[in-house]
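Per chain, numbering begins at 1; letters A, B, ... match sequence-line order.
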Amino acid sequence: MSIDADTIRHLSEVSVSVELQTEDMTLNIGPQHPSTHGVLRLVARVDGERAFDVQPVIGYMHRGYEKLAEVRTYPQITTIVNRIDWVAGYANEIPFITAAEKIMELEVPPRAQYIRLILTEMARICSHLVFMASYPLELGAASPLFFALRERERVLDLLEGVTGGRFHPNFNRIGGVKPAYGSGSMTRKWVQDLPAGFYRDTRAAMDRVLEVCDELDNLVAGNEIILARTKGVGVIPVDVAASYGLSGPNLRASGVPFDLRKMEHYLPYDELDWNVVTGTNGDCYDRWWCRLQEIRESAKMIQQAIDQVPEGPIQAKVPKVIKVPKGETYVRAENPKGEMGYYLVTDGGNGPYRVKIRSASFSNLSILPWALEGALIPDIIAIMGSLDFVLGDVDR
Amino acid sequence: MTSNQSDVTSEQAETTTVHPLQEFADSVAAAVGGEAEITFDTVKVHVPAERWVEALTTARDDLGFGYFSFLSAIEWTNDPAVGYPLTDEVEERIEVICTVGDVFEGRRVTFSTDLPVDSPTIASLVDVYAGANWHEREAHEMFGIHFEGHPNLIHLYLPEGFTGNPLRKSFPLLSREVKPWPGDVDVEAMPTEGGDAAADEPSTENPEA
Amino acid sequence: MELLTDLMSNFWIALVLKLLVVALIIPLIGMVIGFAEMKLSAKMQARVGPYFAGGRWGWAQLIADGVKFFQKEDLIPRDADRPVFKVAPIVVMAGTVALFVVIPWGPGVIFRDLDIGIFYALAISSLTTVGVLMAGWASGNKYSLIGGLRAAGQLIAYELPLVFSAVAVVIMAGTMSMQGIVEAQVSAGYPFVLLQLVGFVVFMIAALAELSRIPFDLPIAESELVMGYLTEYSGFRFLFFFLAEFANMFSMSAIAVTLFLGGWHLPGIPADVLEFAGPLILIGKSFLLVFAMIWFRWTFPRVRQDQLQSLAWKWLIPISLANVILTGVFKVVL
């Protein structure tokens, strides 16, 4: 009996149709799951280890800050914007304060601007170190967590020394930064913004941060398994990333130098010597690498900035009761997570008429259904973790 | 095309000088057929609601604004149930705002369009910018805007059975109904110009120096 | 000594004594390794680790943990397959205990020197995976199910390199008896690892996978599957799995030591001392391997399922197979 091409095709079709009939399973990941950073929930259709139709469900931490901002006065709003991205609370204040100052047409004294810059970059280092800690953990390596968090603690101590708050500094005032009276001294009455020994401690802490970057580089990037788990996984091309509104290191890892610190000039970043870090492939490894390099850049920035902090006032002259005149503006800033912006609509009152909070993690997370289509379950965790989101920043 | 904050704030005081973004704003407005306005360094282009998708498609394809920043809305009303009322009478409407930009030079434009307060409806941007999906769902539940052509227009933050649109100015904030916000009560009168400010003049000498 | 020999000659008394030893030694070894893991991981992560329990160094931490587990409520999920759910930890523990039967502690100190000792050891060690699969299936939890199936897939892939690398040793020793393998190394004058380095490395990698230790802890994978097949277990059932894991680490290491590192033998120690020192030497050598396992665990991340499978099928199995052939050829030629 001779077998012709048709028979072979027929046989192959038969063998396909009698393939083992499998049933898809709906897997519910979260809201309580070790790798969902709090209360994110994913509903996925799973075929073996492969996931399809991944739908993120958010809102478990929605606190309605946009509505609350409408009934608060301007100084009160800085306390609630602190709590949006709590890993880098300080950085959230900057765009809001800048927006109000822009409408009030205030000139912020250079010393205050430098203090803001130093603290923002410290917040960035803290946020990225949390990522450095949690990401290897999601891939199964527990030890980098302790190396990264130990250095974060030093930086948080510095932040606390200046602002009085570890996570929610609430240090910015419209027109400048908060003056601290006495600075530990009961007798001297001068106003001090930076505590005694701040420059020395900061220099030491930044040296340690740069050291721990090298350690993490060896520990994580020098590990074959980490490379196998992250290289080529979760590749996001630039055009897709941009149309979903990805920003920050997630977008830069795809190879675009989109850094609002260079583009929006909201703080004196131009006076410092630093580089925008970009990746090449846009995969999980590049996102990790970009953040590591950004810690280094931020540490260098702080080292330069503390040499350049000018003397002078820390507050512009503002009335005791802040009233922002009529106007509307959108101010965005480069948060550790990406573009954070406030669309502020004011009308001369004690509080704003409307505040639209554009948070980075919200847009970063919205790419998940696209990025996770057909991914393996371990890759879901790897891709999700590499986007570095904070649920408070997603749900606001 | 980016603006320098310190330069611009000083220039804005004089209305006669041309804003550095004016040329850019005009070119965008001409390309999409809208009206440009610059408010505090934010280029805002107003387009009619029926040309919303067309305008943003032009922005993406011809102007190179591939980066989707956000989409939201503002409800303009004369008698808000919560929050600070407006000083001037406005035309009651819901203004949809959408900011897009490019990722290479950092240019950005906020597009806006007006919708009626009752049953606001507009075409969805999901086919133009994939990221609009979640932002439109948020605007849908918060303002009650219906986005035609949206693939999955369900609640994003709020639970399924939630009724009402929380960010509408008519939606009461119940805790404020019970008790007014204390911070609003003890607002003091404005101090006189140059009063006791000189007494508190802060010294910022560096103790390490 | 005479009394002991008399007692041991009575079958029933000997059985009870042996049972007591097993009942003591397995939890004891489990606790020592568990404590070592706590302290070593703390050292590797710039932490202190357990500190207060027991007064010094927190030595009583695991006893406190054990007491805590026994106080917990015995939870069984509503959708669980109750009998299987209850039996699974016992099956896992049974596999662990049964493995201790053929470990040669010293010359003449072995529970039962089976002729097919290594064959029995490799066969019975898979029983643990059956228990894991039972636990995963019976929990009525999707994460547990995925974890259990991952364990089964892992077992199928890594049993082969494990067996092949053991076969090479059997060829060299010419016997499958565990005591026979040790004695072959004693009479040869060198541990087999010198000639079977490849086999030893493959054996250890496959043993790590069999034990589902990092980097092969996919059945548990707490960042992906919450806790894998253990998700629904709590209280003393969880303790059973916990102890079985640590005891298994020891017994796998002991088998590796017997096959490759000369078992209870250490050159230069007279035979009459070995009678007593044998168990200590075996435990010492095994703890070296256990230390390596703990070290890997706190250094490496987890591999992915496809990487795990391709490592087994594309690398370990061909390498160990070639190793068997080479060993056979050398044995015949020499």
Pair A:Glu264-B:Arg108, salt bridge (Lys or Arg N to Asp or Glu O under 4.0 Å): steps then yes or no = CA-CA 10 Å; A:Glu264 292 283 345; B:Arg108 62 181 159 90; 3.1 Å; yes
Those residues of residues 89-99 of chain B, ordered by number, that approach chain A below 4.5 Å (heavy atom to heavy atom) = B:Ile97, B:Thr99
Selection from A:Ile103, A:Val57, A:Ile367, A:Val331 maximising heavy-atom pairs under 4.5 Å formed with chain B | A:Ile103
Counting only heavy atoms closer than 4.5 Å, note whether B:Phe171 contacts chain A via side chain, backbone, both or neither.
-> both
How about B:Tyr67 and A:Phe258: are their ring centroids closer than 6.0 Å?
-> yes
Proximal component of B:Pro159, with respect to chain A [non-hydrogen, under 4.5 Å] = neither
If you tally heavy-atom pairs under 4.5 Å between each of A:Val309, A:Val240, A:Leu365, A:Asp259 and chain B, the highest tally belongs to A:Leu365
Hey, are B:Lys169 and A:Glu70 close enough for a salt bridge, meaning a charged N less than 4.0 Å from a carboxylate O?
-> yes
Any sub-3.5 Å donor-acceptor pair from A:Tyr269's side-chain atoms to A:Leu260's backbone N or O?
-> no
Answer with yes or no whether the side chains of A:Ser363 and B:His135 bring together a donor and an acceptor at under 3.5 Å.
-> yes
Could you look at A:Lys356 and say if it's the side chain, the backbone, both or neither that has a heavy atom under 4.5 Å from chain B?
-> side chain
Do you know which of A:Ala242, A:Pro56, A:Gly341 has the most heavy-atom pairs with chain B at a distance under 4.5 angstrom?
-> A:Ala242
Per-pair distances, 0.1 Å, donor-acceptor, side chain in residues 59-66 of chain A, under 3.5 Å, sequence neighbours excluded:
{"unit_1": "A:Tyr60", "atom_1": "OH", "unit_2": "A:Arg41", "atom_2": "NH1", "d": "3.1"}
{"unit_1": "A:His62", "atom_1": "ND1", "unit_2": "A:Asp395", "atom_2": "O", "d": "2.8"}
{"unit_1": "A:Arg63", "atom_1": "NE", "unit_2": "A:Met61", "atom_2": "O", "d": "3.2"}
{"unit_1": "A:Arg63", "atom_1": "NH1", "unit_2": "A:Tyr65", "atom_2": "OH", "d": "3.4"}
{"unit_1": "A:Arg63", "atom_1": "NH1", "unit_2": "A:Arg83", "atom_2": "O", "d": "3.0"}
{"unit_1": "A:Arg63", "atom_1": "NH2", "unit_2": "A:Gly392", "atom_2": "O", "d": "2.9"}
{"unit_1": "A:Glu66", "atom_1": "OE1", "unit_2": "A:Arg354", "atom_2": "NH1", "d": "3.1"}
{"unit_1": "A:Glu66", "atom_1": "OE1", "unit_2": "A:Arg354", "atom_2": "NH2", "d": "3.4"}
{"unit_1": "A:Glu66", "atom_1": "OE2", "unit_2": "A:Ile357", "atom_2": "N", "d": "3.3"}

Carboxylate-amine/guanidinium proximity below 4.0 Å for A:Asp347 and A:Lys323 | no
For B:His155, is it the side chain, the backbone, both or neither that has a heavy atom under 4.5 Å from a heavy atom of chain A?
-> neither
Those residues of residues 138-146 of chain B, ordered by number, that approach chain A below 4.5 Å (heavy atom to heavy atom) | B:Glu138, B:Met142, B:Phe143
For A:Phe362, is the NZ or CZ atom of A:Arg396 found under 6.0 angstrom from the centre of its six-membered ring and inside 45 degrees of the ring axis?
-> yes
Is the gap between the ring centers of A:Tyr244 and B:Tyr129 under 6.0 Å?
-> no
May I ask you to say whether B:Glu105 pairs ionically with A:Lys262, meaning some side-chain N is under 4.0 Å from a carboxylate O?
-> no
Of the backbone (N, CA, C, O) and the side chain (C-beta and beyond), which part of B:Thr110 lies under 4.5 Å from a heavy atom of chain A, both, or neither?
-> side chain
Identify the two heavy atoms, one from B:Asp102 and one from B:Phe65, that lie closest to each other, and give their separation to 0.1 Å.
-> N-CD2, 3.9 Å
Among B:Val100, B:Asp88, B:Leu86, B:Leu158, which has the most heavy-atom pairs under 4.5 Å with chain A?
-> B:Leu86
Checking B:Leu71 against chain A: side chain, backbone, both or neither under 4.5 Å from a heavy atom?
-> backbone
Heavy-atom closest contact (A:Pro237 atom, A:Trp370 atom, distance) | CD-CH2, 3.6 Å
Report the residues that fulfil ring-ring contact (aromatic ring centres under 6.0 Å, His included) with B:Trp76, sequence neighbours left out, ordered by chain and then residue number.
-> A:Tyr353
If you measure only the distance, is there a donor-acceptor pair under 3.5 Å linking the side chains of A:Asn350 and A:Thr73?
-> no
